[in-house]
Amino acid sequence: MTTAIVTQLNGRVVQVRLTSESSDTTVPAAEDGVATEAKAMESGAAETTVAETKSAPNPIAPESKELYWAAGSFIVLFVLMRYFLFPKLKKGMDARYEGIRNDIDGAVTVKASAQSDVAEYEKALAAARAEAAAKVDAARQAVDAERNKQLAEVNGRIAAARSAADQQNAAARAAAQGEVAAAVAQVASKGAELAIGRTPDAQTVQAAVQAAMESAVSR
Amino acid sequence: MLALDFPEINSLLRWKDLFPSFNKIALIAVLAVVISSTIFLLALRQNHEEAPRGIRNLAETIVEFIENGVVMQTMGKEGLAWTPFLLTMFMFIYLCNVPGIIPFFQMPATARMAVPMFLALMVWVIYNATGIKHQGIGGYLKSTLFPPGVPKALYILVTPIEFISAIIVRPFSLAVRLFANMMAGHILLVTFALLSEALFQAKDKILIPVGILPFFMLIFLTSFEVLVAFLQAYIFAMLTAVYIGGAAHPEH
Amino acid sequence: MEAIARLVAAAADTTAADAKNTAAAASAGYAYGLAAIGPGIGIGYLVGKSVEAMARQPEAAGMVRTTMFLGIAFTEALALIGFVVFILLKFA
């Protein structure tokens with residue numbers, strides 16, 4: 001059991017003394033009370049026991065002077081911020097951001113014009129390229145046409161020469177065939193005259209020769 | 001074995017007056033105002049046409065963080081008018097939290113209930129006023145207490161819950177979250193600092209190297225408090241924005 | 001004999017205020033311990049799910065993170081109220 005003895009002088013705590021009775025059991029409670037009373041009279045101060053140590057201020061309870069100081073400083077800071085510091089800083093920030101935005105916009109327009117220049121140049125380049133290609137095409141077509149014409153001419157000449165040669169060939173063959181047929185007919189009619197004693201009719205001989213030659217050709 | 005007495009809690013949280021009715025908490029609050037206005041004033045002295053650097057960069061980063069990270073995420077474009085308020089709130093809370101780990105201050109101002117309570121009550125007044133201004137008093141009460149899309153019979157259950165949550169729990173939890181986080185951090189730092197000191201000065205020589213362990217924990221907790229100081233300021237500003245945005249446009 | 005005498009003396013000295021202090025100290029411990037269970041589970045689940053969502057859709061990570069912090073703030077408030085009750089019971 002511990003007893004706190006608080007000595008107070010004019011409301012201020014002068015001394016706090018803790019006595020443990022386990023080490024001091026011989027002192028009876030009543031005597032202790034007498035002793036404290038005696039001491040109180042001695043020092044002329046008010047002395048209280050445990051129950052009154054609880055009258056120490058609550059650690060959580062707000063103190064009015066702290067409240068006033070906090071409220072006052074907060075309100076001062078708020079008024080300064082609201083009407084002077086913040087608007088000025090914000091204005092500066094907005095002005096700078098506006099400037100940056102304008103710079104960005106200017107850069108964007110410059111970039112756009114540069115891009116349009118590039119596009120124009122590319123268009124011109126493409127046009128020139130197309131023109132050159134067209135010219136090359138035309139030249140190539142002309143050359144092709146010329147070559148085709150000459151080729152056709154040469155081919156025509158070759159064909160004409162070949163058909164002339166063919167005709168000559170055919171005529172020569174027909175002439176040769178006719179000669180052969182006449183000779184065969186003569187020989188055949190001579191042979192028949194010798195065999196039957198009279199001259200066969202020229203027409204019959206010719207037909208026979210013709211048939212014989214054709215069967216020979218077809219065989 | 002160890003002469004370790006945890007000090008009386010009020011000696012960790014209550015500070016003597018530096019001069020009448022002006023203690024460390026008030027000093028921190030005033031310094032928060034001075035530091036944040038100095039940052040912005042120095043930022044304003046720089047030419048705004050150039051790319052921001054140094055202190056102007058810092059100020060603009062904070063402003064853009066509030067705009068993009070808090071306002072746009074919760075209220076959208078029409079909430080941008082609240083940026084100065086949320087900016088003030090964020091900077092004030094952050095600069096009140098951070099002295100918890102700064103040598104010679106070693107006390108977050110928000111670990112005293114007065115500061116978070118004031119802020120939460122102010123937020124409560126502001127979001128209720130915004131709701132009444134935007135929807136009229138009847139419309140605001142209707143959209144708060146009778147959320148649409150609930151079967152009629154359930155309103156017996158829903159309306160008291162909504163009333164308690166929107167009118168009572170919100171400011172309470174807002175204040176307690178900030179306060180308790182900062183006070184818990186403060187008490188943890190005190191505990192580990194006391195423990196390492198007691199171990200380093202122990203009579204038993206074998207205990208002295210053991211003091212390294214709470215000392216490393218102290219270092220770790222200090223760096224953790226850096227994060228907590230930022231996170232609590234961010235969450236407070238964020239929840240303020242959520243409450244105001246919800247009161248202004250209930251369909252969100 | 002002496003020990004019993006001491007115990008009797010201690011019991012005689014136990015006032016109502018002492019009993020209240022003892023109960024307050026014990027319940028302060030319980031208050032914070034119990035208050036930490038639910039939010040502990042809740043925050044673990046919340047952050048785990050958020051990480052899953054961010055891994056699944058990295059392009060939505062910013063939104064998920066904002067919502068995660070809000071959710072942590074709401075969940076954590078319960079544990080902090082437990083802490084405040086602890087302080088109130090212990091020291092007030």
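In this text the structure is predicted, and so the values were computed from the model without any measurement. By convention in this document, chain letters (A, B, ...) are assigned in the order of the sequence lines, proteins followed by strands, and residues within each chain are numbered from 1.
The heavy-atom pair separating B:Leu86 from B:Met75 by the smallest distance is CD1-CE, 3.9 Å. Across every non-hydrogen atom of B:Asn97 and B:Ala229, the tightest pair is ND2-O, 3.0 Å. In terms of heavy-atom proximity, B:Ile28 sits nearest to B:Ala109 at CG2-CB, 3.6 Å. Contact detail for A:Ser163 and A:Ala160: the closest heavy-atom pair is OG-O, 2.9 Å. Across B:Ala233 and B:Tyr94, no two heavy atoms sit closer than the pair CB-N, 3.8 Å. Residue A:Ala70 comes nearest to B:Ala29 through the heavy atom pair CA-CB, 4.2 Å, listed as atom of the first residue, atom of the second, then distance.
For the options B:Glu67, B:Met91, B:Met183, heavy-atom pairs under 4.5 Å to chain A are most numerous at B:Glu67. Each of B:Cys96, B:Pro52, B:Pro116 has some count of heavy-atom pairs under 4.5 Å with chain A, and the biggest count is that of B:Pro52. Across B:Asn10, B:Ile9, B:Leu13, B:Val30, the residue that shares the most heavy-atom pairs under 4.5 angstrom with chain A is B:Asn10. Most heavy-atom pairs under 4.5 Å with chain B: of the set A:Ala61, A:Pro62, A:Gly72, this distinction falls to A:Pro62. Taking B:Met113, B:Met117, B:Arg14 one by one and counting their heavy-atom pairs under 4.5 Å with chain A, the maximum is reached by B:Arg14. With chain A as the partner, the residue from B:Thr88, B:Val115, B:Leu27, B:Leu12 showing the most heavy-atom pairs under 4.5 Å is B:Thr88.
Heavy-atom contacts from other residues, nucleotides or ligands closer than 6.0 Å to CZ of B:Phe65 number more than 12. Shown here is A:Gln210, whose CD atom has no more than 12 heavy atoms of other residues, nucleotides or ligands within 6.0 Å.
The aromatic rings of B:Phe118 and A:Phe74 sit perpendicular, their planes meeting at an angle over 60°, well past the 30° parallel limit. Ring geometry for B:Phe90 against B:Phe230 counts as perpendicular: the plane angle is over 60°, on a 0 to 90° scale with 30° as the lower cut.
Residues satisfying the side chain to side chain contact (heavy atoms under 4.5 Å, CB included) criterion with B:Leu95, sequence neighbours excluded, are B:Ala32, B:Ile35, B:Ser36.
B:Leu188 is not listed as a side-chain neighbour of B:Phe224, based on a closest heavy-atom distance of 4.5 Å or more. Between B:Gln232 and B:Ile93 there is no side-chain heavy-atom pair separated by less than 4.5 Å.
Sorted by first and then second residue, the pairs that involve residues 93-118 of chain B and meet salt bridge (Lys or Arg N to Asp or Glu O under 4.0 Å), not counting sequence neighbours, are A:Glu63-B:Arg112, A:Glu66-B:Arg112.
For B:Met122, the part lying near chain A is the side chain, with the backbone staying farther off; criterion is any non-hydrogen pair under 4.5 Å. Only the side chain of B:Phe179 has a heavy atom closer than 4.5 Å to any heavy atom of chain A. Only the side chain of B:Val63 comes within contact range of chain A, with heavy atoms under 4.5 Å apart. For B:Leu119, the part lying under 4.5 angstrom from a heavy atom of chain A is the side chain only. Proximity to chain A (any heavy atom under 4.5 Å) is shown, for B:Gln46, by neither the backbone nor the side chain.
Residue-level contacts of residues 134-154 of chain A with chain B do not occur; threshold 4.5 Å between heavy atoms. Interface residues of residues 77-109 of chain A toward chain B, defined by a heavy-atom distance below 4.5 Å and sorted by number: A:Leu77, A:Phe78, A:Leu80, A:Met81, A:Arg82, A:Phe84, A:Leu85, A:Phe86, A:Lys88, A:Leu89, A:Lys90, A:Gly92, A:Met93, A:Ala95, A:Arg96, A:Tyr97.
Judged by distance alone, the side chain of A:Trp69 and the main-chain N or O of B:Ser21 form a donor-acceptor pair under 3.5 Å.
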